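Since this is a predicted model, take the numbers as computed values, not measurements.
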Amino acid sequence: MIEIFKAIILGIVQGITEWLPVSSTGHMILVDEFLKLNLSAQFVSTFLVVIQFGSILAVLTIFFKKLNPFDGSKTGVQRIETIDLWMKVVVAVIPSAILGFLYDDAIEAAFFNPTTVAIALIVYGIIMIAIENRNKRPKINDFSQVTYKLAIGIGLFQCLALIPGTSRSGSTIIGALLLGASRYVAAEFSFFLAIPTMLGASGLKLYKSGFAFTGQEWAVLATGSVVAFIVSVFVIKFLMDYIKKHDFKVFGYYRIILGIIVLSYFYLLK
């Protein structure tokens with residue numbers, strides 16, 4: 001039961017931090033310091049990735065109608081637009097999928113440490129604030145204006161998220177804003193891009209693990225994923241309402257503060 005409780009806490013952290021541009025990895029590193037799963041190292045490594053599956057289901061649930069080309073209420077034109085949206089998502093995910101498949105283990109071994117995470121948190125926090133301070137009017141305010149060129153550009157920015165602490169949502173949102181998208185379009189496209197990205201990452205981790213988990217480990221994984229799903233639903237809805245009236249600067253400041261906390265804890269307090 002203690003491990004189940006830990007999975008609930010980790011699911012809450014995952015559900016909150018996956019969609020806000022604050023780096024779920026940075027938070028997981030801190031939480032893991034105080035709430036370690038007492039299970040095999042291989043399972044824990046897999047759990048921290050596969051738990052994202054619950055978050056993916058939240059996106060599919062909230063945006064099901066928008067993402068479903070076979071919805072009966074859609075016209076022929078709307079169905080074509082939905083298929084076109086999926087094609088842009090697929091094109092955008094290709095760069096990070098290739099790099100992740102080829103170098104996932106090497107990147108994790110080289111960069112999965114508190115220093116890298118803290119620096120990434122701080123650097124991208126500063127960039128996020130600087131972008132918002134430009135006060136530049138977006139050129140792309142609707143998904144009909146999203147081109148394949150823009151989709152590929154955002155996909156290239158997502159490659160930055162392979163470095164722990166960068167934040168997948170943070171890198172794609174920053175990229176979309178720099179390329180002229182509105183906050184709303186940037187956030188939604190980031191959500192959609194997460195579907196194949198996180199499915200691929202989860203599938204790759206499960207494949208590498210050989211699905212060789214005990215009954216307890218499967219229960220822990222299921223619990224974390226369900227909690228991540230429930231929390232993600234609320235967080236996604238909150239963020240989409242929040243950015244209608246606010247910018248992303250608060251998340252930039254939060255990242256900087258968290259980065260300083262990570263550095264302070266691991267190099268001054270620990």
Side-chain angles (χ1 to χ4, degrees), residues 1-20 22-62 64 96-97 100-101 103-114 116-117 161-169 191 194-236 258 261-262 265-266 269-270:
M1 289 303 297
I2 293 177
E3 300 309 313
I4 294 294
F5 173 74
K6 293 176 184 177
I8 292 172
I9 300 299
L10 289 168
I12 292 172
V13 174
Q14 163 63 28
I16 294 173
T17 60
E18 183 59 49
W19 305 114
L20 303 182
V22 295
S23 174
S24 59
T25 305
H27 287 80
M28 286 294 193
I29 281 181
L30 278 178
V31 173
D32 185 57
E33 274 295 301
F34 304 100
L35 202 71
K36 289 184 180 292
L37 286 170
N38 190 25
L39 298 166
S40 69
Q42 182 185 26
F43 171 76
V44 172
S45 175
T46 303
F47 172 86
L48 294 177
V49 174
V50 178
I51 192 178
Q52 298 173 345
F53 182 73
S55 298
I56 301 170
L57 293 180
V59 176
L60 291 171
T61 300
I62 294 172
F64 183 76
S96 60
F101 180 78
Y103 303 110
D104 178 59
D105 291 337
I107 290 172
E108 184 172 331
F111 297 110
F112 198 89
N113 58 72
T116 300
V117 170
L162 292 169
I163 305 299
T166 301
S167 169
R168 191 207 58 78
S169 60
F191 294 155
I195 298 172
T197 300
M198 293 161 66
L199 273 176
S202 298
L204 183 61
K205 272 291 184 182
L206 284 172
Y207 173 75
K208 288 182 177 180
S209 71
F211 298 86
F213 305 137
T214 65
Q216 181 191 24
E217 289 173 337
W218 279 115
V220 168
L221 183 58
T223 300
S225 297
V226 169
V227 173
F229 166 77
I230 295 170
V231 175
S232 290
V233 169
F234 288 101
V235 172
I236 291 170
L258 181 62
I261 290 173
V262 171
Y265 173 76
F266 283 98
L269 302 177
K270 190 173 178 182

Do [X] and [Y] have side chains that get closer than 4.5 Å, going by heavy atoms?
{"X": "Phe5", "Y": "Ile9", "result": "yes"}
{"X": "Lys205", "Y": "Ser45", "result": "yes"}
{"X": "Leu258", "Y": "Val22", "result": "no"}

Got a sec, which residues hit side-chain hydrogen bond (donor to acceptor under 3.5 Å, both in side chains) with [X], two or more places apart in sequence or on another chain?
{"X": "Thr166", "result": "none"}
{"X": "Ser96", "result": "Gln158"}
{"X": "Glu3", "result": "Lys6"}

[X] side, atom [atom1]; [Y] side, atom [atom2] - distance, nearest 0.5 Å:
{"X": "Ile230", "Y": "Phe234", "atom1": "CD1", "atom2": "CZ", "result": "8.0 Å"}
{"X": "Leu221", "Y": "Thr46", "atom1": "CG", "atom2": "OG1", "result": "8.5 Å"}
{"X": "Glu18", "Y": "Ser23", "atom1": "CD", "atom2": "OG", "result": "9.5 Å"}
{"X": "Leu20", "Y": "Ile236", "atom1": "CG", "atom2": "CD1", "result": "9.5 Å"}
{"X": "Ser24", "Y": "Ile16", "atom1": "OG", "atom2": "CD1", "result": "12.0 Å"}

Sequence-distant partners of [X], side-chain contact (heavy atoms from CB on, under 4.5 Å), two or more places apart:
{"X": "Ala161", "result": "Arg168, Ser171"}
{"X": "Tyr103", "result": "Leu99, Ile107"}
{"X": "Val31", "result": "Leu10, Val13, Leu35"}
{"X": "Ile8", "result": "Ile4, Ile12, Thr223, Val227"}

Residues in ring pair (Phe, Tyr, Trp, His ring centres under 6.0 Å) with [X], at least two apart?
{"X": "Phe111", "answer": "none"}
{"X": "Phe213", "answer": "Phe43, Trp218"}
{"X": "Tyr207", "answer": "none"}

- Query: Is there any salt bridge (Lys or Arg N to Asp or Glu O under 4.0 Å) pair reaching into residues 216-232, and which pairs are they, with sequence neighbours excluded?
  - Reply: none
Can you see which heavy atom on [X] is nearest to which on [Y], and at what distance?
{"X": "Pro114", "Y": "Val262", "value": "O-CG1, 3.7 Å"}
{"X": "Val220", "Y": "Phe47", "value": "O-CE1, 3.5 Å"}
{"X": "Val231", "Y": "Gly15", "value": "CG1-C, 3.7 Å"}

Can you give me every donor-acceptor pair (side chain of residues 52-61, partner residue at least two apart or in another chain, under 3.5 Å) with its distance?
{"unit_1": "Ser55", "atom_1": "OG", "unit_2": "Gln14", "atom_2": "NE2", "d": "3.3"}
{"unit_1": "Ser55", "atom_1": "OG", "unit_2": "Ser232", "atom_2": "OG", "d": "3.1"}
{"unit_1": "Thr61", "atom_1": "OG1", "unit_2": "Leu57", "atom_2": "O", "d": "2.7"}

